[in-house]
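Order of the sequence lines sets the chain letters (A, B, ...), proteins ahead of strands, with each chain counted from 1. Bear in mind the structure is a predicted one, so any value in this text is a computation, not a measurement.
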Number of protein chains: 2
Amino acid sequence: MYRSHNCGELRSSHIDTTVTLAGWVQKVRDKGFVVWVDLRDRYGITQLIFDGERTEKDIFEQAQKLGREFVIQVQGKVIERTSKNPNIQTGDIEILVDKLSILNESLLPPFTIEDDTDGGDEIRMKYRYLDIRRDPVKNSLIFRHKVAREVRNYLSDQGFIEIETPYLIKSTPEGARDFVVPSRMNAGQFYALPQSPQTFKQLLMVAGMDKYFQIVKCFRDEDLRADRQPEFTQIDCEMAFVEQDDVLNAFEGLTKHLLKALKGIEIDDFPRMTYDEAMERYGSDKPDIRFGMEFGELNDIAQHKDFNVFNSAELVVGLAVPGGNSFSRKEIDALTDWIKRPQIGAKGLVYCRCNDDGTFKSSVDKFYDQADLENWAERTGAKAGDLILVLSGETDATRSRLNSLRMELAERLGLRNPDEFAPLWVTDFPLLEWSEDTQSYHAMHHPFTSPKHDQIDLLETDPAAVRANAYDLVLNGNEIGGGSIRIHDRETQALMFKHLGFSPEEAKAQFGFLMNAFEYGAPPHGGIAFGLDRLVAILGGQETIRDFIAFPKNNSGRDIMIDAPSPVDEAQLKELNLKLDL
Amino acid sequence: MYRSHNCGELRSSHIDTTVTLAGWVQKVRDKGFVVWVDLRDRYGITQLIFDGERTEKDIFEQAQKLGREFVIQVQGKVIERTSKNPNIQTGDIEILVDKLSILNESLLPPFTIEDDTDGGDEIRMKYRYLDIRRDPVKNSLIFRHKVAREVRNYLSDQGFIEIETPYLIKSTPEGARDFVVPSRMNAGQFYALPQSPQTFKQLLMVAGMDKYFQIVKCFRDEDLRADRQPEFTQIDCEMAFVEQDDVLNAFEGLTKHLLKALKGIEIDDFPRMTYDEAMERYGSDKPDIRFGMEFGELNDIAQHKDFNVFNSAELVVGLAVPGGNSFSRKEIDALTDWIKRPQIGAKGLVYCRCNDDGTFKSSVDKFYDQADLENWAERTGAKAGDLILVLSGETDATRSRLNSLRMELAERLGLRNPDEFAPLWVTDFPLLEWSEDTQSYHAMHHPFTSPKHDQIDLLETDPAAVRANAYDLVLNGNEIGGGSIRIHDRETQALMFKHLGFSPEEAKAQFGFLMNAFEYGAPPHGGIAFGLDRLVAILGGQETIRDFIAFPKNNSGRDIMIDAPSPVDEAQLKELNLKLDL
């Protein structure tokens, strides 16, 4: 062993003992007669002292030449510091070095190894092994480890079994695009990497395993949006002999445990809200309920008043911005511009100031009197000093726009407190969603999700109205988990495939193994999957996942550190019976 | 919830309570006036009783029609059994059913769901979801979960951090064949699936993470031998600032913990043996030391005695078979035939009986007198009643053959007790091995393994003689883990690549990122990886890994349940810029 202690553990109680430390040179301060070196490792920083009187000359000179990030080993005596540093745990002591050996030198690192580094994203990714030396990244990875450990131990204690499902599986055109893996031994054939272990976990339920979980990598070959990764990690779970409430209760238990164990926060029962209610109250299926600003629908009180914009709208809906009456006219104009950007696409923004004296001043005073505006205030919950903002138009689009505005304002007003945690179950999602692209219905969750039992007939007459036994767990405005009660009989599954546009032959070719399994005693079952990357980031009080992944890929799916993907040998392709077709 | 209790938990203390159970119909015994049903779930079996007097008629008739593997839910009262079954934990009670609902029917399963099934390997794999319902498979998967959990908690408690490394990495022609993954977003380029996270865990050491582990899937596109899988699971570990003994001690601790926690076995310090010693004493780098039968080299006492077979041999080596003097002449002839098979390739087998009266009778009495044979006995440790078997020829081949014979005899004599655990460290492996195929040296472990410091010069003059800081953990004759102290400086790594036949350009193209990392303060480091599949099987007292993997592939790398790999769409290939070339 190259060390007797690490760089984070020495205290006053160690004074006068001889220790050996190893680590990286964080900083060298050479005062001529004395040299201080900050020695860093995973556990902390310990100050080394070399001094003209007490240190041998050659060691002293060697210390003067140490560079940043050199790896050294030192032996010396723990002594009391003359000027203590209360900001670090080892701040009471320093090491008077009597042996120094350089284990490895270092070139000058391309960015500073400090909490606030001078390195940009690109260079930090290229030298990720240096980036991880920085506390914010290192601590994020350690935090991720702790979260995963808590998840595993909690679920195991609840009787869940972690079972590894295969990575080399079968490609299915349904859902997102698969990454495929050519098989050398089966010429012309391909494995696919799993987008999730969905069918395998259902087969484990058929197999009687009852309570399954797995922390597992999943893969999606999608065009990457910011903060999406082609490979991501899921906490994948399934239970048999359960109904929706059983799943919700089980994983509410897990989430409460994580909040308690990792953040010291105790939360009562999580609120539950249907999808329809969430859309009505927040315009979003993943509302951030840490703050109010709930929607108030104004159709009955704002229409038929000569204001044609509202009269012709399917929905007139507003919200109250707390303290928003202090916004200047210029600020409100800027908000109007913001919401009219093509990404949001509103046509305009109606506002109404709620003055301290109880009067109102709106941008549509021509059409609405004080009594009308008082109704608006009541409906949106606006108080004196607030600002009411109103949008109108087609229902779904208008809700979505007002949701964007709500989130933007919450951000600007500092209402999204990263230290506050507000979980929420959203239930009863639509079973299907219409795709304009393909002019057909897609499964909103996936094709194994069960419709509400009494709505199966609606599949024929009004598919969009059918609700599913599907639920999401939302935390601070992010979907951190989603799941459903599954179909567990062959007939319903076949019906579902039919409504998703599969021919019986296609359904059999792709999912025959699952439908066969359903004929050998499949129990009722359901489950959920959490996105671990996102969960960890949110528990860590951050919105981006990248620093919680040791070696992330960039937005083109490249690992710029190892330079992957990369071309392969002609010979290798030949073995795989493939040719490039560029 | 479909049940108030599971099928393994009801006891006498529950008598007179009303319970709801759900599970699979294991067996129906219809006596006409009474029907017993064994109801099974993951936790056990509970007996249900339907009786002509106490059960409603329609329920009774429904019970009579239940088929094997039907999924049912029942409600009823726990009553005392008249004839108790001490073989199962719920054997004191049965459930007098008053409500029965069939949750799902089942076709007749293609094999019996019993510990000893009538299903062959192929059909069991096709219906793996039924196979897993059988206790031996189910319990193997649960055991695997327990092993993984113990590993994670032990290592975490020792300060190791589990860090996920990427699955979409860079293809390198070195080592076994990679599975590759075409990149759609980077036309003509490919990711590779990791054969191990080797370079990433080394980068994590450069990154200062100090103690890393990960239970992780790895992939090798090799022609599959029996009991090999294209995807397998590794317990992958690395430590910085350590020397070989530190790694051995750390993972000896882990192994001791597993044996204690899972098998209740306490083992003292593990023996350590160099590779050279293991080859000399056992003819194997993974000797099974649960039994003796160590090799005795006989060159000095058996050569120059007119027996030309021995005189011309590089090595004459024997072992004593305990109690082997009881073998008939026919049995010895059969052994001779066995060892002359092409798979083993010996030319012949010399034997010497050790009679109870202290005399010897050998197959080469013409050349050796009693005193000579007594020397053989002494050298091989043979006692009265034993049989000495002797092979001769070229050293490596002869040792390998005698090792095969030793293992075969141990198997036949029942010396490989699955309930006994004999771990062993084998150290100081050769750095390089000669490949007849390519007529060049390959890294025996991998190209990142460090040579013994004082032998680096030998690389130029006698590469085969160079020993590495490499070690294996052997358990009961199986390699369950292997690792090394790594190279951590650019010069030595470059030298190593040179001796492995890489041009500087090739080395840079493939491993430039690692060699660059070594220039920014790489600490000394080393590690180990355990094969989890094998470890779990051996701890479970079995030699084959297949039942410890939920969904294994067959010897052609196929998952015959889901039928993968399979062809993919023309359109999908086009998106990937690929064409089949069959």
Is there a side-chain contact between B:Val568 and A:Asp178, using heavy atoms and a 4.5 Å cut-off? no
On a heavy-atom basis, the closest approach of B:Lys553 and A:Leu168 is NZ-O, 3.0 Å
Quiz item: Is A:Arg149 reaching over with its side chain to a backbone N or O of B:Ser156, donor-acceptor style, under 3.5 angstrom?
Solution: no
Side-chain donor/acceptor of A:Asp559 to backbone N/O of B:Ile169, under 3.5 Å
no
(message) Run A:Tyr43 and B:Asp210 through side-chain hydrogen bond (donor to acceptor under 3.5 Å, both in side chains) and show every step you take.
(response) CA-CA 10 Å; A:Tyr43 310 90; B:Asp210 201 86; 2.6 Å; yes
The interface call for B:Leu532 against chain A, heavy-atom contacts under 4.5 Å, is side chain
In terms of heavy-atom contacts, A:Leu573 and B:Phe190 come closest through CD2-CZ, 3.5 Å
So, the part of B:Asn516 with a heavy atom under 4.5 Å from chain A: the answer is both
So, the part of B:Glu105 with a heavy atom under 4.5 Å from chain A: the answer is backbone
If one checks every heavy atom of A:Ala148 against chain B at 4.5 Å, the contacting part turns out to be neither
When the 4.5 angstrom heavy-atom criterion is applied to B:Arg144 and chain A, the contacting part is side chain
Applying a strict 4.5 Å limit to non-hydrogen atoms, the region of B:Phe518 in contact with chain A is backbone
Exercise. Is the backbone N or O of A:Ala207 less than 3.5 Å from a side-chain atom of B:Lys138, with the two atoms forming a donor-acceptor pair by type?
Worked result: no
Note: B:Tyr520 and A:Leu108 closest approach over all heavy atoms is CE2-O, 3.5 Å
Ranking A:Glu243, A:Glu69, A:Arg152 by heavy-atom pairs under 4.5 Å to chain B gives rank one to A:Arg152
Value for CG (B:Leu203) from CG (A:Leu130), rounded to nearest 0.5 Å, stands at 10.0 Å
Okay, B:Pro524 and chain A: the region with an atom under 4.5 Å from a heavy atom over there is side chain
Applying a strict 4.5 Å limit to non-hydrogen atoms, the region of A:Lys574 in contact with chain B is side chain
When the 4.5 angstrom heavy-atom criterion is applied to A:Asp246 and chain B, the contacting part is side chain
Under 4.5 Å to a heavy atom of chain A? For B:Phe213 that would be side chain
In terms of heavy-atom contacts, A:Glu164 and B:Thr233 come closest through OE1-OG1, 2.6 Å
B:Met185 and A:Asn555 have their tightest heavy-atom pair at CE-O, 4.3 Å
d(B:Ile163 CD1, A:Leu141 CG) to nearest 0.5 Å is 5.5 Å
Applying a strict 4.5 Å limit to non-hydrogen atoms, the region of B:Met561 in contact with chain A is both
Strictly below 4.0 Å, N to O, side chains only: are B:Asp223 and A:Arg184 in salt-bridge contact?
yes
Looking only at heavy atoms, the pair that brings A:Gly188 and B:Leu580 closest together is CA-CD2, 4.0 Å
Okay, B:Ile102 and chain A: the region with an atom under 4.5 Å from a heavy atom over there is neither
- request: Would you check if the side chain of A:Asn186 reaches a backbone N or O of B:Arg558 as a donor-acceptor pair within less than 3.5 Å?
  value: no
So, the side chain of A:Asp581 versus the backbone of B:Lys579: is there a donor-acceptor pair under 3.5 Å, distance only?
no
